2 protein chains.
Amino acid sequence: MKRPTIADVARRAGVSKGAVSYALNGQPGVSAATRQRILAIAEEIGFNPNSAARALSGASARAVGLALSRPARILGIEPFFMELISGVEAELSSRGYALTLQVVADPEAEVAVYRRWWGERRVDGVFVCDLRADDRRVPMLEELDLPAVVIGGPGHTGALPHVWSDDAAAVTETLEYLIALGHRRIARVGGLPGLLHTELRTSAFQRVCERPEVRWSLSVPSDYSGEDGARVTRRLLSAPERPTAIMYDNDVMAIAGLAVAQEMGLAVPGELSIVAWDDSPLCQLVHPALTALSRDIPAYGGHAARHLLALIRGEQVGAYQDEGAHLTPRGSTAPPRAS
Amino acid sequence: MKRPTIADVARRAGVSKGAVSYALNGQPGVSAATRQRILAIAEEIGFNPNSAARALSGASARAVGLALSRPARILGIEPFFMELISGVEAELSSRGYALTLQVVADPEAEVAVYRRWWGERRVDGVFVCDLRADDRRVPMLEELDLPAVVIGGPGHTGALPHVWSDDAAAVTETLEYLIALGHRRIARVGGLPGLLHTELRTSAFQRVCERPEVRWSLSVPSDYSGEDGARVTRRLLSAPERPTAIMYDNDVMAIAGLAVAQEMGLAVPGELSIVAWDDSPLCQLVHPALTALSRDIPAYGGHAARHLLALIRGEQVGAYQDEGAHLTPRGSTAPPRAS
DNA sequence: CTGAAAGCGCTTACAG
DNA sequence: CTGAAAGCGCTTACAG
């Protein structure tokens, strides 16, 4: 089947290609009646402008890019990215933008991908996820004039606009709740050490744990996997002085931690309280249901997409603070049983 | 920063643009020495060919498309798609192809997306997931000359090449195992009714359950969510004649089912055996660990990508049968306790 | 083996 | 309000 071109539309409408272009793009330079006729014909013969020709003529590529550098295994485990992508997509597709996705091996490869996309003019802008301290992508994207929105922060975003939520506040809220319940020995199983949001959560954890009520605290990094969550939990619970509460940086590790506690014969929440970061349906399926930090991840992605599109249109875009995670208490947290 | 073009490379190398193009694309028409020099200069000034110009000149778009029509919530829950995408990506990016992703509301919208992509020449080919009986996408893609590989089947794929695995065999293997354990009352919580693979699994289930050993059987559809899995399980276990074994079409529902059984005071596996389809790490984190149908989903995606790229190169591509899911027995299955 | 030139399908100043 | 034309940056026959 032959693809119709703008020339086909012009011929049938009896106008020039320029007129068709103006009509299709809502530009002035064509009468309302002609515009109507042109649109009807385009619709009728199923015309869609060739995206390459459009992009080459200086118009936009109508695509934005997202490169992710987590191992496939982790991407599958965590609902986070798929939910984020769903939210991004909902916003993009309503504006006729496509999302170009690339999964790469490491942050270095991500830099190369962004640089290549820029050279290829393949995308009009990009998202930056999984920000790290001194992230090489930030100065590179500032240097190139490739519109970019960082999903994350605050801090280390350079001059790039960013959409962020206050992870530190969520950690503080959680710890204050645990302290109020009477917990005095609190541990945390954190995420990947290099990531900025991990560091922000870690600092917040340490700051709150300096309060006099907290007698013992420990924050341990992990790779986000259930295996790692289980391993760290086993170690924490086997120590002579074990925590009465553990917070986990994702839900998979929290569920793994719950399983370990049960396998070791510890009552949850009686002998161990558990809090999960990110509230997937699974948190409500286990017994006891997990107290979790909930947030609307698709909405987060939607905000990021909206900001990137505004940036591409040339609007001034600054930082946008999203709502942030809030604590949803369930059966896995309670006052520690006197022991 | 100004993007370097092919003219910049040509000028610095003292050759024509044509020569640069031949050198870059590994075409004959340029001496080895000149090719070397050109490549070195391109590398040095960070030249990447403008993808729009390339696509417009009849070369490929160097991108393939995937449209998904599941609600955001479900996409996040199931590791399947993210793992599939990871596998697809690994193969594509090693060949310099990008993946264009679009999440849409329903199958109708998917048809429109493919048609638009074709008109825009935005992609060189597409994947088709979540095949349905009498899927409108199949005749449409056959009519357009847009290379397409169906991920799924067998059957209802028309003349399109497809990558599939034998779900029916996996159902049969599972049921024969349960029957051998001594189960005589077996239920299944299936996936979305419209999907072909759901229907294939359902037929296989019903076929095996016609065997004389099976005294009672029931297959119930669901929407893949944990809530639905829990609801159906509760209903199954509350009936006067309840099953001694249930198999679930995904792991989230199986975990939900396990939780329901425990909440109802039923011993797993003593009073109820549970089998999950798709073996995520979570299956090993719950207690007892779930017997599951395991498969290598990233590899599945990789095969599909390899076939699509071959099709785009103009090679003959037929059906490819992937390895398929195999049963991994764990603690959630055992002979039914005499009751 | 190399160069000059046409052409892909749009968009957008520039004249009428 | 409309038309003719240049140009985006490549690829690829076509001459030399």
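Chain naming here is simple, since letters A, B, ... match the order of the sequence lines and numbering starts at 1 in each. Just the heavy atoms: all of them, side chains too, but no hydrogens, waters or symmetry mates, feed the values below. Note that the coordinates shown come from a computational prediction; the quantities given were computed from them, not determined experimentally.
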Could you list the donor-acceptor pairs under 3.5 angstrom formed by side chains in residues 95-103 of chain A, with sequence neighbours left out?
from: A:R95; atom 1: NH2; to: A:E91; atom 2: OE2; distance (Å): 2.8

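The neighbour count for A:Q321 CD, taken as heavy atoms of other residues, nucleotides or ligands under 6.0 Å away, is above 12. For CZ of B:R136, the number of neighbouring non-hydrogen atoms (other residues, nucleotides, ligands) closer than 6.0 Å is 12 at most. B:Q316 CD: 12 or fewer foreign heavy atoms inside a 6.0 Å radius.
Residues that satisfy the salt bridge (Lys or Arg N to Asp or Glu O under 4.0 Å) test with A:R122, not counting sequence neighbours, are A:E120. Taking A:D322 as the reference, nothing meets the salt bridge (Lys or Arg N to Asp or Glu O under 4.0 Å) condition, with sequence neighbours excluded. Annotation: ring-ring contact (aromatic ring centres under 6.0 Å, His included) contacts of B:Y114 (sequence neighbours excluded): B:W117. Applying the ring-ring contact (aromatic ring centres under 6.0 Å, His included) criterion to B:Y22, with sequence neighbours excluded, gives no partner residue. By the salt bridge (Lys or Arg N to Asp or Glu O under 4.0 Å) test, A:R12 pairs with A:E44, sequence neighbours left out.
Smallest separation of non-hydrogen atoms from B:L24 and B:A42: CD1-CB, 4.3 Å.
A 4.0 Å heavy-atom criterion places the boundary nucleotides of DNA chain C facing chain B at C:dC1 to C:dG9, written 5' to 3'.
Listed by residue number, the members of residues 42-49 of chain B with any heavy atom below 4.0 angstrom from DNA chain D are B:F47, B:P49. Residues from residues 8-17 of chain B with heavy atoms under 4.0 angstrom of DNA chain D, sorted by number: B:K17. Within residues 22-33 of chain B, the residues approaching DNA chain D are B:Y22, B:N25, B:Q27, by heavy-atom distance under 4.0 Å.
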Under the rule of Watson-Crick or G-U wobble with both distances under 3.5 Å, where | means paired to another strand and [ ] a crossing pair, DNA chain D maps to |||.||||||||.|||

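Atom CD1 in B:I6 sits 10.5 Å away from atom CG in B:N50 (nearest 0.5 Å). Atom OG of A:S86 sits about 12.0 Å away from atom CZ of B:R70, to the nearest 0.5 Å.
Using a cut-off of 4.0 Å between Lys/Arg side-chain N and Asp/Glu carboxylate O, A:D135 and A:R132 are scored as not salt-bridged. In this structure, A:D124 does not pair ionically with A:R62, as no charged nitrogen and carboxylate oxygen lie closer than 4.0 Å.
Across all strands shown, A:T5 has heavy atoms under 4.0 Å from sugar-phosphate atoms exclusively, and none from any base. Nucleic acid contact class of B:S51 (heavy atoms, under 4.0 Å, all strands): none.
Here side chain to side chain donor-acceptor pair (under 3.5 Å) pairs that include residues 151-162 of chain A, with residues two or more places apart or in two chains, are A:T157-A:H162.
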